[in-house]
Q: 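Just dropping this structure here.
Here is the naming used below: chain letters follow the sequence lines, and residue numbers restart at 1 for every chain.
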Amino acid sequence: MPAKKPAVEKARSVLPSGRKDNNFFEQVYEVARLIPRGRVTSYGAIAAFLGPKGSARMVGWAMNGAGKIKPKVPAHRVVNRQGMLSGSAHFGSPTRMAELLKKEKIKVKNNQVVEFAKHFWDPAVELEI
DNA sequence: TTGTTGACCTCTT
DNA sequence: CAAGAGGCCAACA
């Protein structure tokens, strides 16, 4: 298998403190970047893909610094299990996330992704572990 | 230092 | 069928 990419060091460099390995956060950022345009995934899906414990909340925390790190992480493609834009309030503007998704040809209604199951991108399946 | 909060999910009543 | 509580790990006060 190919060696790991330097994204680890890069992510650590931009992390709030880089005090720990942040391996979990790295994975979250990497997976988020791998989300194709016009597709969406859920926090729990990423958490479950990274580990059986599924700390979905940590995925949200990781996304908290998504706009601070580089390359830019498409956090707007990550929503909750219901397909609701729960993180829209953290995009600076409440409609920022919805607009971004609309540009991705994804229909959004009431801060909720339409046909969410259809646009759902499961890392465990697409990445074929 | 401990305690609470948080872009969540799943089980139980 | 609907509502409530618990659990996960990390950062902030």
Side-chain angles (χ1 to χ4, degrees):
Chain A
M1 77 183 263
K4 263 323 192 173
K5 67 293 297 125
V8 173
E9 298 181 1
K10 206 170 220 174
R12 182 173 59 185
S13 182
V14 293
L15 278 164
S17 299
R19 48 176 67 174
K20 297 198 173 182
D21 297 339
N22 299 308
N23 196 335
F24 189 82
F25 286 69
E26 301 161 18
Q27 295 284 5
V28 174
Y29 296 139
E30 187 172 350
V31 172
R33 286 191 223 115
L34 291 175
I35 301 174
R37 178 174 167 279
R39 291 291 175 112
V40 288
T41 187
S42 60
Y43 304 95
I46 298 174
F49 170 70
L50 298 180
K53 308 209 176 226
S55 311
R57 291 187 124 174
M58 291 298 79
V59 179
W61 269 126
M63 288 290 143
N64 191 358
K68 299 173 185 146
I69 71 174
K70 269 132 188 196
K72 203 162 107 189
V73 178
H76 60 275
R77 291 178 187 160
V78 183
V79 294
N80 64 359
R81 203 50 157 165
Q82 300 177 343
M84 293 165 66
L85 312 184
S86 49
S88 59
H90 289 268
F91 271 78
S93 291
T95 55
R96 183 73 173 272
M97 191 172 181
E99 291 298 318
L100 289 171
L101 287 173
K102 283 183 179 179
K103 292 181 186 296
E104 303 278 332
K105 306 302 180 202
I106 298 177
K107 296 176 185 176
V108 179
K109 197 86 169 181
N110 280 338
N111 283 353
Q112 187 173 351
V113 177
V114 181
E115 300 288 303
F116 173 68
K118 205 171 195 171
H119 296 291
F120 183 73
W121 183 82
D122 191 349
V125 175
E126 301 298 326
L127 299 180
E128 288 191 62
I129 26 177

Q: Provide, to the nearest angstrom, the distance between the CZ atom belonging to A:Phe49 and the C1' atom belonging to B:dC9.
A: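 The distance from CZ of A:Phe49 to C1' of B:dC9 comes to 18 Å, rounded to the nearest Å.
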Q: Give a yes or no answer on whether the side chain of A:Tyr29 reaches the backbone of A:Val73 with a donor-acceptor pair at less than 3.5 Å.
A: no
Q: Do side-chain atoms of A:Asp122 reach the backbone of A:Ala124 as a donor and acceptor pair under 3.5 angstrom?
A: yes
Q: Among C:dC9, B:dC9, B:dA7, find the nucleotide with the atom closest to the side chain of A:Phe91.
A: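 Per side-chain heavy atoms of A:Phe91, the pick is B:dA7.
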Q: Rounding to the closest angstrom, what is the interatomic distance between B:dA7 and C:dA3 at atom P?
A: 22 Å
Q: Have a look at A:Arg81 and say if it touches a base, only the backbone sugar-phosphate, or nothing, with a 4.0 Å heavy-atom cut-off.
A: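 Result for A:Arg81 = sugar-phosphate.
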Q: Measure CD/A:Gln82 against P/B:dA7 and give the value in whole Å, please.
A: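 Distance, rounded to whole Å: 15 Å.
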Q: Are A:Leu100 and A:Val78 connected in a single hydrophobic cluster, I mean Ile/Leu/Val/Met/Phe/Trp/Tyr linked by side-chain heavy atoms less than 4.5 Å apart?
A: no
Q: Whole angstroms only, please: what is the CZ-P distance between A:Arg57 and B:dT10?
A: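 Result: 14 Å.
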Q: From the set C:dA10, B:dA7, B:dC8, return the single nucleotide nearest to any side-chain atom of A:Asn64.
A: B:dA7
Q: Report the distance from atom CD1 of A:Ile46 to atom C1' of B:dC8, rounded to the nearest whole Å.
A: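 Atom-to-atom, A:Ile46 to B:dC8, this comes out as 12 Å.
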Q: Give a yes/no answer on whether the side chain of A:Ser86 brings an N or O atom under 4.0 Å of OP1 or OP2 in B:dC8.
A: yes
Q: Across the strands shown, which category fits A:Ala48 at heavy-atom distances under 4.0 angstrom: base, sugar-phosphate, nothing?
A: nothing
Q: Determine, using the 4.5 Å side-chain heavy-atom cutoff (strictly less than), whether A:Met84 and A:Leu101 are members of one ILVMFWY cluster.
A: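 Unlinked, A:Met84 and A:Leu101 end up in two clusters.
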Q: For B:dT4 and C:dG6, measure between their C1' atoms and round to the nearest Å.
A: 16 Å
Q: Without decimals, in angstroms, what is the distance between A:Trp61 CH2 and C:dC8 C1'?
A: 14 Å
Q: Check A:Arg77 with A:Glu104, please: is the shortest side-chain N to carboxylate O separation under 4.0 Å?
A: yes
Q: Would you mind reading off the distance between A:Phe24 atom CZ and B:dC8 atom C1', rounded to a whole angstrom?
A: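 Result: 11 Å.
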Q: Quick one: which of C:dA10, B:dA7, C:dC8 gets closest to the side chain of A:Ser55?
A: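 The answer is C:dC8, which lies nearest to the side chain.
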Q: Expressed in angstrom and rounded to an integer, what is the separation of A:Leu50 atom CG from B:dC9 atom P?
A: 14 Å
Q: Rounded to whole Å, please give me the gap between CE in A:Met84 and P in B:dC8.
A: 10 Å
Q: Heavy atoms only, 4.0 Å cut-off, all strands: where does A:Asn80 land among base, sugar-phosphate and nothing?
A: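 Touches sugar-phosphate only.
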